[in-house]
Amino acid sequence: MGFWKNVENERVYQGLSRKELAFRANIAYQGIGLGLERDSMPGADTAIKVAKVLNVSVEYLLGSEALEIRDKKEFQDSKKDAALQSEANLYLKNKKTIDSLERLPVELKAPIEEMIVRISNNTEAPVEQPCC
């Protein structure tokens, strides 16, 4: 069973609607249905958010699919697991900032995101300080 199918089963078991799950996890409501329809794997940040809301581990939501993959390609999967863990740690480290940014209106969020990307792509360039 795939990640989203396990999420769906757990969500129904806990009596949560998709809308409530999406709201609590701060993810797009449509993403749940699309994930189920496409049998896709979410990003690490989404997997962590969903698991936290459902009060289960990401591994539980990955289910037997993750075990099958590990059996087939253990070495490659350990690299993927390390990358996933690294991404999860990075998300947790920056969760407060990400959550704050997500709450901003689009007209404020877009220029801030653009500024962050420009600064991170060109760390040697001096950052202009606001006047007064």
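Counting from 1, the numbers follow the sequence of the chain as shown. The shown structure was predicted, so the numbers you read here are calculated from the model rather than taken from an experiment.
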Quick one: are Val58 and Leu62 in side-chain contact, heavy atoms under 4.5 Å?
-> yes
Are Tyr60 and Val50 co-members of a hydrophobic cluster defined by side-chain heavy atoms under 4.5 Å apart?
-> yes
What are the two closest non-hydrogen atoms of Ser57 and Ala51, and how far apart are they?
-> C-CB, 4.0 Å
Hey, what do you get for CG (Leu61) to CE (Met41), rounding to the nearest 0.5 Å?
-> 10.5 Å
By salt bridge (Lys or Arg N to Asp or Glu O under 4.0 Å) - contacts of Lys52 (at least two apart) = none
List the steps and the verdict of side-chain contact (heavy atoms from CB on, under 4.5 Å) for Leu36 and Arg18.
-> CA-CA 12 Å; Leu36 272 166; Arg18 284 185 187 173; 3.1 Å; yes
Residue list, salt bridge (Lys or Arg N to Asp or Glu O under 4.0 Å) with Glu20, at least two apart or on another chain | Arg24
Does Asp99 CG have over 12 foreign heavy atoms under 6.0 Å away?
-> yes
Check residues 108-117 and write down every donor-acceptor pair under 3.5 Å in which the side-chain atom is one partner and the other belongs to a residue at least two apart or another chain.
residue, atom, partner, partner atom, Å
Lys109, NZ, Glu102, OE1, 3.4

Decide whether Ile48 and Leu90 are clustered together by the hydrophobic rule: side chain heavy atoms of Ile, Leu, Val, Met, Phe, Trp, Tyr closer than 4.5 Å, transitively.
-> no
Sorted by first residue and then second, give each salt bridge (charged side-chain N to carboxylate O under 4.0 Å, His left out) pair with at least one member in residues 41-50; sequence neighbours left out.
-> none
What residues form a side chain to side chain contact (heavy atoms under 4.5 Å, CB included) with Lys19, not counting sequence neighbours?
-> Ser17, Tyr29
Supply the atom-to-atom distance Leu21 CG to Asn26 CG, rounded to the nearest 0.5 angstrom.
-> 11.5 Å
Atom CG of Asp39 and atom CG of Leu34: how far apart are they, to the nearest 0.5 Å?
-> 12.5 Å
side-chain hydrogen bond (donor to acceptor under 3.5 Å, both in side chains) partners of Ser100, counting only residues at least two apart = Arg103
Out of curiosity, Glu87 CD to Leu92 CG, how far, rounded to the nearest 0.5 Å?
-> 11.0 Å
Can you check salt bridge (Lys or Arg N to Asp or Glu O under 4.0 Å) on Glu8 and Lys5, steps first, answer last?
-> CA-CA 5 Å; Glu8 187 73 358; Lys5 182 64 178 165; over 6 Å; no
Verify, without hydrogens or angle tests, whether Gln14 (side chain) and Leu54 (backbone) share a donor-acceptor contact under 3.5 angstrom.
-> yes
Under 3.5 Å, is there a donor-acceptor pair between the Gln85 and Asn89 side chains?
-> yes
